[in-house]
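Below you'll find the structure, written out as structure tokens, and then a few comments.
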Amino acid sequence: MKKKGPLYALFLSLILLLPGCSSLTVLNPKGPSARTLSDTIILSILVMLGVLAVVYILYIFVLVKYRAKKSNEGYIPEHEEGNKVLETIWIVIPIIIVAFLSVVTVKTTNAVENQAKEYKDQTPLVIYASSSNWKWHFSYPEEGIETVNYVNMPVHRAVEFRMYSFGSITSLWIPQLAGQKYAMSDMLTTLHLSADTEGSYMGRNANFSGKGFAHMEFEALVMSSKDYDDWVKEVKETAPKLTEEEFKGLLATDYLGRKTYSSTHLEFSPPPGDHGEHMSGEGKEMDMDNGNMDHQDNKEIHPSPEPSSETEFDSKPNPEVEQPLPSSPVDEHTHDSNS
Amino acid sequence: MDLEKFKVHGEPLIYGAMISIALATIGILVGLTYFKKWGYLWREWLTTVDHKKIGVMYILAALLMLFRGGVDAIMMRLQTAAPEMKFLDAQHYNEVFTTHGLIMILFMAMPFIIGLMNVIVPLQIGARDVAFPRLNAVSFWLFFFGAMLLNISFVIGGSPDAGWSAYFPLASLEFSPTVGNNYYSLALQISGIGTLITGVNFIVTILKMRAPGMKLMKMPMFTWSVLITNVIIVFAFPVLTVALALMMFDRLFGSQFFTMANGGMDMLWANLFWVWGHPEVYIVILPAFGIYSEIIATFSKKNLYGYTSMVFSMLIISLLSFLVWAHHFYTMGQGAMVNSFFSITTMAIAVPTGVKIFNWLFTLRKGRITFTTPMLYTLAFIPIFTIGGVTGVMLAMASADYQYHNTMFLVAHFHYVLIPGAVFAVIAGFHYWFPKVFGFRLNERLGKHSFWWIVISFNVTFFPLFFLGLMGMTRRMYTYSEESGFGPLNMLSFVGAVGLAIGFVLLVYNIYWSTRYMPRDTTSDPWDGRTLEWATHSPMPVYNFAIVPKVQTRDAFWSAKQDNMPLFEDKITKIHMPSNTGKPFILGVIFFFLGFFLVFSMWIPAIVAGVGVLIMLAAMSFDRDHGYYISVDEVMATEKKLMRGETV
């Protein structure tokens, strides 16, 4: 009993310290993929609390009951070899728990590796996200635009990020929209996400990549499809073109603020071979030599996909061009415009 | 040659460290000369092949490294205690967390455990030494000089800064142009070879040198855990050796194994690293399980519950440890299928681990539990490690890991596993076996004070990190903004880290205090122990046992005390012992210089040192010294002295 006191006091004080659950970004999802993950996490916490309870109750019981006291002085416990039935119980029950969690894991992993089922019928909006030093380049091949260090997305729309890196391994993570995935120099990885609430969400690189790692954040702004179309149109009309020289300049710079261009770097600097597609597609195929064939030096054989002319936005003209761009606070970290 | 490479740019902290290192070195050299201890040092320690002394040196080095890594930890917690702290810059912070990880795992936890196994395993199996005593000395000196090589990095040339996992291409020459990662590849290589040799040595020792009657299934649990650990070492360390060699080629000779172009694969490094790195976790944790098993049995006065299932659970864990490495990079895009496979194998480890937890709880049941310091650490281990275990299962779920990966949640998890699982164990083992080696106990009152500081502060330090992870704080961030809201919990964590430091300082003060004031043991069995190490004198003579014991039961010494089963029936005969040799030490020194010259690409001195290594290896291979005999009279005289409680 003696040693549990401080532990519980600590636990309670921690819970009191927490300013409510909404600050736990991961458990405050704003899209189907992140919601699946949040539900999985909460389920696993509950199951694990059950396991902890059993161990703790047994632990406190034996410590209280069998501690050395005056009354059992000189007592020499009997030799006890073990008990087949008991040992079988604590082998079988954990196996059942692990089997249950395995089923959950396989299901949810498949779910988040693919387009969310709510958005299954949509053609996803493809955004290439590449990292260089401590910045993120987002290329929209369909729209023919590119942004640096911020990404805008329409709400209620399946989005497919295709990630790669011009340097160290980085990991693209927008915790309220989806789990993270690595961006590497020799392989294209895919991340499916979609948002059901408009708002500004924190995105960052989650894999240590050197000196500027701590500052490698970006804003993911989810806006209505109308606002999104307006924004795209505005960018196409007003932003400069991204030339090869300009892009080389960007790559060479360590840190950058936000940039916007009316063309992408994918034309003159195509991404590495697209292994992400069949690696995480249906989860049925495995490719053990991932990336070995497809390197930066022979990437010419993998042309970037043609901009698709059939996005659902092309059908909807947006007359209100004069409406201002949605506000995008640079350093705002309230990852949720609703709160 | 470019002297600029040696310099570490102006940081007052580093200059301070340089001066204190210089002063300490001068102090030691002057002290040794003044007290005329050079000869003693050379004869008794530097040239020793005695497994007990080698073990003590391992533990001493590990304790030093515990403080080195601890200072790193405090600096990290201080730097992140509040938003926008200016204590360390990004580069320095990156070096600090990289060396913290490397030192704590490779130069603290593992050597501490190897130290304990060196001291105890031959005693537990009733042997007079390890199978290859001189190779054992080679192991130690390679570990020691590897550790020293890494430790000088921060004052000469700069420490590795790409994380302890040193992912490529970040760790390549292109993105880490300083010599830091050269130190990484060479220091780890040198000490890793030492560890590999230890692995071979202890497998042979345990399989071939057990006392008569000690069948495999009668071995004490600590010896079992050490045997399994060393099998893991022998399978895992060659992978590290190869990976580090390829890394060295990439960094020093311009090869392109892990680069971004010309066919290099950064994922290959990640795979090789974790194929070694995951079993490495079990290399430090399985012996801890062994230590706890011994302590729980001793202080609840019961034999270990479910011995057979304990052994099999460790075997299964060791097999599974090789099948789970990809759970370190679920987010590398290998797809749902591969991730599911590794999820299931990873979660499966929870089953044998759970078996162990319940067997320990049932060992306590119907026992008579006394709360000594080693037992307190053991008892604290159970609830805390269980938190580490269940969060491990949570992390094992690939989908959920997409949200935990590289966050503070992960950091919290592995500290909840490694600190109770390895650090508490080595401290518990240290308190438990201390009287065996030195002939007196550590002070219990000071030990308990230190225990409460450590255990409570540990939770204050690491529990908040679970929440920080869920709030979206990634690991290895040297700073964060006010708006992120990470501040308060990080501050709490820093407060805990200070408490941990106080606990560890108390631990060292306890060693000092006890050395001066604690009464010497007369019984050589202060805890009423169960296994063979308590059947010989404390401190033990160089030959361990005057007569090789005969074993009939698992808890051989307990049976001898309880049921009067005779242990020592034979007569004393002359004892063959290996003679001391300075060659392993000299080999270590030359390896150190070889590593140092390679770090700085100084080819000619490196070639000279390389030739030196070959010469020393040849000299050791052709050594004709076959050791010496201790005569019966001498043994009798020593035994008589020990009986009267004198030290030899």
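Throughout, protein chains are lettered first and strands after them, A, B, ... in sequence-line order, and every chain is numbered starting at 1.
For chain B, the nearby parts of A/Val106 are the backbone and the side chain; heavy atoms of each come within less than 4.5 Å. Proximity to chain B is limited to the side chain of A/Glu87, based on heavy atoms less than 4.5 angstrom apart. In this structure, chain A has a heavy atom under 4.5 Å from the side chain of B/Ile357, while its backbone stays farther away. Using a 4.5 Å cut-off between heavy atoms, A/Trp173 touches chain B through its side chain atoms alone. Contacts between A/Ala99 and chain B at a heavy-atom distance below 4.5 Å are absent for every atom of the residue. Of the atoms belonging to B/Arg475, it is backbone heavy atoms, and not side-chain ones, that fall under 4.5 Å from chain A.
Ranked by non-hydrogen atom pairs under 4.5 Å with chain A, the options B/Trp558, B/Phe358, B/Phe409 are led by B/Phe358. Residue with the most contacts toward chain A among B/Phe97, B/Trp360, B/Tyr330, B/Tyr307: B/Phe97 (heavy-atom pairs, distance under 4.5 Å). With chain A as the partner, the residue from B/Ser176, B/Gly163, B/Ser399 showing the most heavy-atom pairs under 4.5 Å is B/Ser399. Looking only at heavy-atom pairs under 4.5 Å with chain A, the residue among B/Met347, B/Glu174, B/Arg554, B/Glu482 that has the most is B/Met347. Ranked by heavy-atom pairs under 4.5 Å with chain A, the first of B/Lys301, B/Lys302, B/Arg365, B/Gln562 is B/Arg365.
Counting only distance, with no hydrogens or angles, the side chain of B/Gln403 and the backbone of A/Leu37 share no donor-acceptor pair below 3.5 Å. Remark: the backbone N or O of A/Glu80 is paired with a side-chain donor or acceptor of B/Asn303 at under 3.5 angstrom. Not one N or O on the side chain of A/Arg67 forms a donor-acceptor pair closer than 3.5 Å with the backbone of B/Phe371. Side-chain atoms of B/Tyr480 do not come within 3.5 Å of backbone N or O of A/Ala214 as any donor-acceptor pair.
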Test ring-ring contact (aromatic ring centres under 6.0 Å, His included) on A/Tyr182 and B/His405; report intermediate values, then the result.
CA-CA 10 Å; A/Tyr182 282 178; B/His405 188 73; 5.4 Å; yes
Report the C-alpha distance between B/Thr331 and A/Gln180 in whole Å, list the side-chain angles of each, state the deciding distance to 0.1 Å, and finish with yes or no for side-chain hydrogen bond (donor to acceptor under 3.5 Å, both in side chains).
CA-CA 7 Å; B/Thr331 58; A/Gln180 60 185 287; 4.8 Å; no
Step by step, would you call A/His215 with B/Tyr478 a side-chain hydrogen bond (donor to acceptor under 3.5 Å, both in side chains)?
CA-CA 9 Å; A/His215 302 294; B/Tyr478 84 101; 3.0 Å; yes
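With contacts defined as side-chain heavy-atom distances shorter than 4.5 Å, the pair B/Trp269/A/Ile169 does not qualify. Here the side chains of A/Ile41 and B/Tyr404 are in contact, with some heavy-atom distance below 4.5 Å. Using a 4.5 Å heavy-atom cutoff, the side chains of A/Leu101 and B/Val393 are in contact.
Across all non-hydrogen atoms, the minimal contact from B/Thr370 to A/Ala68 is CG2-CB, 3.7 Å.
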